[in-house]
Amino acid sequence: MIKDLLHAHVLEVINSLSLSHDKEFIIEIPNNTEFGDYSTNAALVLCKENKIAPKALAEKMIKELKKNKAYKKVEIAGPGFINFYLAPGMYQQAFWEIYKLEEYGRSEYGNQEKVLLEFVSANPTGPLNIVSARAAAFGDTLFRIMNYTGYAPAREFYINDAGNQVDILAESLELRLRELHGEKIGDFPYEAYHGEYVKHLAQRLNALEGSRVFMLTEKDRMDHLKEFALSELLEMQRSSLEKFGVTFEGWVSEKTLRMEGVVEEVLSYLTEAECTYEKEDAIWFCSTKFGDDKDRVLMKSDGSITYFVPDLAYHLTKIQRGFTKLIDVFGPDHHGYVPRIRAAFRALNYDDTMLEIIFLQQVNLFESGERVKMSKRAGKIVTMDDLISVVGKDAARYFFIARKANAHLNFDLELAMKQNNENPVYYCQYAYARICSMMKKARKEKVYPKHFKKDMITKLNKTEELALIQKLADLPELLILISIHREPHRLATYLEELAGMLHRYYAKYQIVSAKSVDLTHARLMLMHTVKHVMGICFELMGISAPEKM
RNA sequence: GCGCCAGUAGCUCAGUAGGAUAGAGCAGCAGCCUUCUAAGCUGCGGGUCAGGGGUUCGAAUCCCUUCUGGCGUGCCA
C-alpha cells in the first residue's frame, strides 16, 4: 500500500514533467537498507524513450519529488536509481490504515472470476500417500489465497472409480477374502494391490457379510466387491484430507459421468468435428493436428474407452458449469498428458488458455540417507495419515507449502520423526505465541489499553518498528502476486521474515513496561496488529496459531 | 533419440515482469536466561548461483550450448 502511494507520486511527477512512459517502472524495497526505504528504477527505465541520460533524468525527477514533505530524503544512487527515505509519519499513517482493517489484505482483485482448482484426484485404490499430501497442501492454500483476493474458486476431486485399476482392486480384495476363508492362493499376483489395507478391507467385509459374496455370480460379485472397496477407500481418503484441513466443494465420479452419457457425447463431438478415425479396430483422435506429438486412442479395439475420454468429458463439464479458469494440479508423471487435452480443447473450439496445469514435482522419500522407492501396488507407501500422526498437521502442511511447486522435494522420514525445530513453522508459531504472552503480561499488570487510538502511533519511531510496519504494508500486494502466479510458497517466506523481525524486536526492546505506559500502549498496538496479520497468514495456510507453546 | 522439469552454502530451500555487496533455516564454532516463553537473540566461518558463450548501463533471473539428475515418450490411469 505504501508502494502504491509512491508509484502514484512518481507517475504524477512524470506527467508534470511531460515525460513519455511507455515502459513500466517499479517501486521496490531494496535489499540493502543503505539504499533507502523504497527505491525506483523509473529514471533507468524511461531514459531511452525520453532521450536523456539516466542520471540527469533522475535529478530532474528528484527535484519535483522533493516538493512532497512526506519524505525525509530523496536521492539519486548508482546508475540512476531514485531512493526514498520516508519520514516516520508516512509509516504511521499506513499503520493506522492496516490496524483499522479486520480482513487486512483482502481484495477484489480477482473480480469473482470462477476458478476451478482440481487437485489430489488420486485413484481410490488405496490410502493417500505423501505426494497427495503435497498436492492437498498446495491446492488448498492456493484456494484460500485466491478466495481472499477476490476470486471465486472451487476445489474439486475427480474420482477415478471406473476402469482397469478398480477391477484389479476388486480382484485383489476377492483374493484376500478367499485367503481369509482358508483358501490357498499361492503367490499374490504381481499386478494386484499388495498393501495391508486390502487385507483390512477383506476382514471388514467378512465381518459384515461372511461368505455371502461367494454365492453371487461372477459379475455381481465383482460389482459388489468394487462398490464396497471404493466406498471404504474413498471414505478413508476423505477423512485423511479432512484431518489435513482440506475439504472439497465437489467430488466428481468418473462412473457417474459415464452413466450420465457424457462420455458418448464427447466422442460424438469429436467425430462431428471430424477429428477421429478408425485404425486397427480402435478409434483414434488425430491430436497431432492440434499440437500433440502423436495421435491418441479414444476407444480400444476391445470396445472399452481410454482414461482420456471421460477425463476430457469431465473438463468440459467444468466449462459448462461456468468456470472460466481450470487449474489442474498434477504430478510430474502426467506432463505427457497435457498436449492431448489441449489438443482436444482446440479441436472442439474451446479456448485452451482457460486450461492451466501446475506440475508439482515429485517427493523423494529418504530413510537414513537412502532413497526409498514408493509403489502403491507393491504396498510400499508412506501414507498421509502416517505423516500427519508423526509430524502433525501444521508442520506437514508448512513443509509442503513452503516449497515452490516445480522443485523436487526431499523428504527424510527420520528427520521428520525427530519433530525438532528443523521445520520453520515452529519459528513462526513461536513468534505468535510470544505476542500472546506479552499481552497476557500487559493485562496482568494493567497496562493494556481499553482501546487503541490513533495518537498512540506517534510513539512508534524506532527503526525496527518502522520496518515491521513496512513489512505489514507489503502483504496485500504479495497476496495478489501469489494468486496471479499461483505461488503459495511465497506466503511462507513472508511469514518467516515477519516472525524473524518480531523475534529480533522482542529481543532488543522491552515491550511491556509499567514505567512508560504511553510507549507500552503504542507497542502493544503494534504487537496486536502483527499478531492479527500473522493470524491471517496462518489461516490462509491452514495452520493453527497457538496462544502458547 | 525426442519432450518436460530441475541444478544456488556441508544439508533443506528462498531469491525470476533483469537491478545495487546473492539470502534464510538447519548443521559447525563463540557468546547471551534473577527481567514480556532460550522452539529465541548476537557474532564468526561457509558460494566460480553446474560449465561455457551471448544480449545490455546491469544477468542467479532472458537467449544459445554442453554436462548432470528426475520424469515422460501404453489400445495404463
Side-chain angles (χ1 to χ4, degrees), chain A residues 24 26 28 30-32 34-35 39 41 44-45 47-48 53-55 77-81 83 121-123 125 160 162-166 168 191 254 279-284 293-294 296-308 310-311 331-339 359 361-362 364 369 399 402-412 415 420-431 433-442 444-445 481 484-485 487 489-490 492-493 496-497 499-500 502-513 520 523-524 527 548-549:
Chain A
E24 278 293 317
I26 58 164
E28 61 180 355
N31 43 27
N32 189 331
E34 282 171 37
F35 299 132
S39 149
N41 61 353
L44 287 162
V45 173
C47 61
K48 261 192 189 155
K55 284 195 174 183
F81 290 102
N83 295 341
S121 294
N123 277 341
T125 52
N160 246 213
N164 256 337
Q165 301 303 321
V166 189
I168 295 172
E191 284 294 322
E254 177 185 350
K279 193 179 87 182
E280 295 162 4
D281 296 329
I283 298 177
W284 295 68
D293 48 11
K294 59 176 71 169
R296 307 291 171 175
V297 172
L298 298 171
M299 188 181 283
K300 303 181 223 169
S301 48
D302 67 2
S304 66
I305 52 171
T306 58
Y307 168 82
F308 174 49
D311 189 50
D333 49 340
H334 280 65
H335 67 245
Y337 181 71
V338 175
F359 288 104
Q361 289 303 315
Q362 68 195 31
N364 296 322
F399 185 82
R403 281 149 180 85
K404 64 181 172 201
N406 56 9
H408 294 236
L409 193 156
N410 293 329
F411 190 91
D412 193 310
L415 218 61
N420 55 9
N421 50 1
E422 180 86 2
N423 193 320
V425 72
Y426 299 114
Y427 185 81
C428 300
Q429 290 180 320
Y430 188 49
R434 269 187 153 169
I435 296 177
C436 296
S437 166
M438 288 183 247
M439 292 178 159
K440 208 170 140 192
K441 191 193 176 202
K444 201 170 147 197
E445 300 192 3
L481 286 172
I484 295 173
H485 298 290
E487 290 177 331
H489 74 274
R490 294 172 65 174
T493 309
E496 275 176 57
E497 284 165 359
L502 187 279
H503 284 307
R504 287 189 287 279
Y505 179 59
Y506 174 94
K508 188 164 174 184
Y509 297 100
Q510 181 76 25
I511 314 303
V512 178
S513 161
T520 298
R523 288 180 169 170
L524 283 171
M527 290 303 98
K548 60 179 175 187
M549 285 173 75

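Chain letters run A, B, ... following the sequence lines, proteins first, then strands; residues in each count from 1.
Between E24(A) and V45(A) there is no side-chain heavy-atom pair separated by less than 4.5 Å.
Centroid-to-centroid, the aromatic rings of F359(A) and H334(A) stay 6.0 Å apart or farther.
The C1' atoms of rG43(B) and rC5(B) are separated by 40 Å, rounded to the nearest whole Å. Distance check on atom C1': rA14(B) versus rA22(B) gives 11 Å, rounded to whole Å. Taking the P atom of each, rA20(B) and rU66(B) are spaced 31 Å apart, rounded to whole Å. For the C1' atoms, the distance from rG15(B) to rA27(B) is 22 Å, rounded to whole Å. Here, rG46(B) and rA30(B) have their C1' atoms 16 Å apart, quoted to the whole Å. Rounded to whole Å, the C1' atom of rU73(B) lies 32 Å from the corresponding atom of rG54(B). Distance check on atom C1': rU61(B) versus rU8(B) gives 12 Å, rounded to whole Å. As rounded to the nearest Å, rC76(B) and rC67(B) have P atoms that lie 35 Å from one another.
The separation between Y505(A) atom OH and rU42(B) atom P is 15 Å, rounded to whole Å. rA39(B) atom P lies 10 Å from atom OH of Y506(A), rounded to whole Å. If you measure from atom CZ of R434(A) to atom P of rA39(B), you get 8 Å, rounded to the nearest angstrom. If you take NZ of K441(A) and C1' of rU35(B), they are 7 Å apart, rounded to a whole angstrom. The distance between atom CD of E445(A) and atom P of rU35(B), rounded to the nearest whole Å, is 13 Å. Per the geometry, CD belonging to E496(A) stands 14 Å off C1' belonging to rA39(B), to the nearest Å. For F35(A) and rG58(B), the CZ to C1' distance is 13 Å, given to the nearest whole Å. Y426(A) places its OH atom 12 Å from the P atom of rG40(B), with the value rounded to the nearest Å.
With a 3.5 Å ceiling on both atom-pair distances, the Watson-Crick or G-U wobble partner of rG1(B) is rU73(B). When both pairing distances are held under 3.5 Å, rU35(B) makes no Watson-Crick or G-U pair with any nucleotide shown. Pair check for rG28(B) finds rC44(B); Watson-Crick or G-U wobble, both atom distances under 3.5 Å. Of all nucleotides present, only rC67(B) satisfies the Watson-Crick or G-U wobble test against rG7(B), with each distance under 3.5 Å. rG58(B): no Watson-Crick or G-U partner with both key distances under 3.5 Å is found in any strand. rG23(B) and rC13(B) make up a base pair, with Watson-Crick or G-U wobble contacts both under 3.5 Å.
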- Message: For nucleotides 72-77 of chain B, give me one character per nucleotide, 5' to 3': B if any protein heavy atom sits under 4.0 Å from the base, S if the only such contacts are to the sugar-phosphate, - if neither.
- Response: SSSBSB

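Contacts of K444(A) with the nucleic acid, taken as non-hydrogen atoms under 4.0 Å apart, are absent. Backbone-only contact: Y427(A) has heavy atoms under 4.0 Å from sugar-phosphate atoms and none from a base. Within 4.0 Å of L44(A), counting heavy atoms only, lies at least one base atom of the nucleic acid. Heavy atoms of A77(A) sit under 4.0 angstrom from at least one base atom. Across all strands, Q429(A) comes closer than 4.0 Å to no nucleic acid atom at all (heavy-atom distances).
Of the N and O atoms on the side chains of D302(A) and S304(A), at least one donor lies less than 3.5 Å from an acceptor on the other residue. The closest side-chain donor-acceptor pair between Y337(A) and D311(A) falls under 3.5 angstrom. At a cut-off of 3.5 Å, with distance as the only test, no side-chain donor of H485(A) or R490(A) sits close to an acceptor on the other residue.
A syn base is found at rC33(B): its glycosidic angle is within 90° of 0.
Ring stacking holds between F81(A) and rA20(B), with the centres under 5.5 Å apart and the planes within 30 degrees of each other.
Other residues, nucleotides and ligands contribute at most 12 non-hydrogen atoms within 6.0 Å of the NZ atom of K548(A).
The two residues K55(A) and P79(A) come nearest to each other via the heavy atoms CG-O, 3.8 Å. Residues L502(A) and A431(A) come closest through the heavy atom pair CD1-O, 3.7 Å.
Along RNA chain B, the nucleotide closest to Y509(A) and the one closest to E28(A) are compared, and the more 5′ of them pairs with E28(A). Residue P79(A) is the one, among P79(A) and K548(A), whose nearest nucleotide of RNA chain B lies closer to the 5' end (criterion: closest heavy atom).
Distances from the side chain of N31(A) to the nucleotides rA20(B), rA39(B), rG19(B) place rA20(B) closest. Considering only side-chain atoms of S39(A), the nucleotide from rA24(B), rG19(B), rA20(B) that sits closest is rA20(B). Nearest to the side-chain atoms of Q362(A) among the listed nucleotides rC71(B), rC36(B), rU42(B) stands rC71(B).
You'll find a donor-acceptor pair under 3.5 Å spanning the side chain of N83(A) and the base of rA20(B), going by distance alone.
Between the T520(A) side chain and the S513(A) main chain, a donor and an acceptor come within less than 3.5 Å of each other. The closest donor-acceptor contact from the side chain of N32(A) to the backbone of E34(A) lies under 3.5 Å. Put simply, the side chain of R523(A) gets close to the backbone of Q510(A): a donor and an acceptor are under 3.5 Å apart. Looking at H335(A), its side chain does come within 3.5 Å of a backbone N or O of P332(A) through a donor-acceptor pair.
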- Query: K294(A) and W284(A): side chain to side chain contact (heavy atoms under 4.5 Å, CB included), yes or no, with the steps?
  - Reply: CA-CA 10 Å; K294(A) 59 176 71 169; W284(A) 295 68; over 6 Å; no

- Message: Test side chain to side chain contact (heavy atoms under 4.5 Å, CB included) on K300(A) and T306(A); report intermediate values, then the result.
- Response: CA-CA 7 Å; K300(A) 303 181 223 169; T306(A) 58; 4.0 Å; yes

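Both cation-pi conditions hold for R403(A) and F399(A): the charged atom is under 6.0 angstrom from the six-membered ring centre and inside a 45 degree cone around its axis.
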Contacts under 3.5 Å, N or O only, protein and nucleotides 13-17 of chain B:
from, atom 1, to, atom 2, distance (Å)
rC13(B), OP1, H408(A), O, 3.3
rC13(B), OP1, N410(A), N, 2.7
rA14(B), OP1, K404(A), N, 2.8
rA14(B), O2', T493(A), OG1, 3.3
rG15(B), OP1, H489(A), NE2, 2.7
rG15(B), OP2, K404(A), NZ, 3.4
rU16(B), O4, K404(A), NZ, 2.6

Any protein N or O atoms within reach of nucleotides 43-46 of chain B? Criterion: under 3.5 Å, listing atom names and distances.
none

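For the pair R523(A) and rC36(B), the criterion of a side-chain N or O lying under 4.0 Å from OP1 or OP2 is not met.
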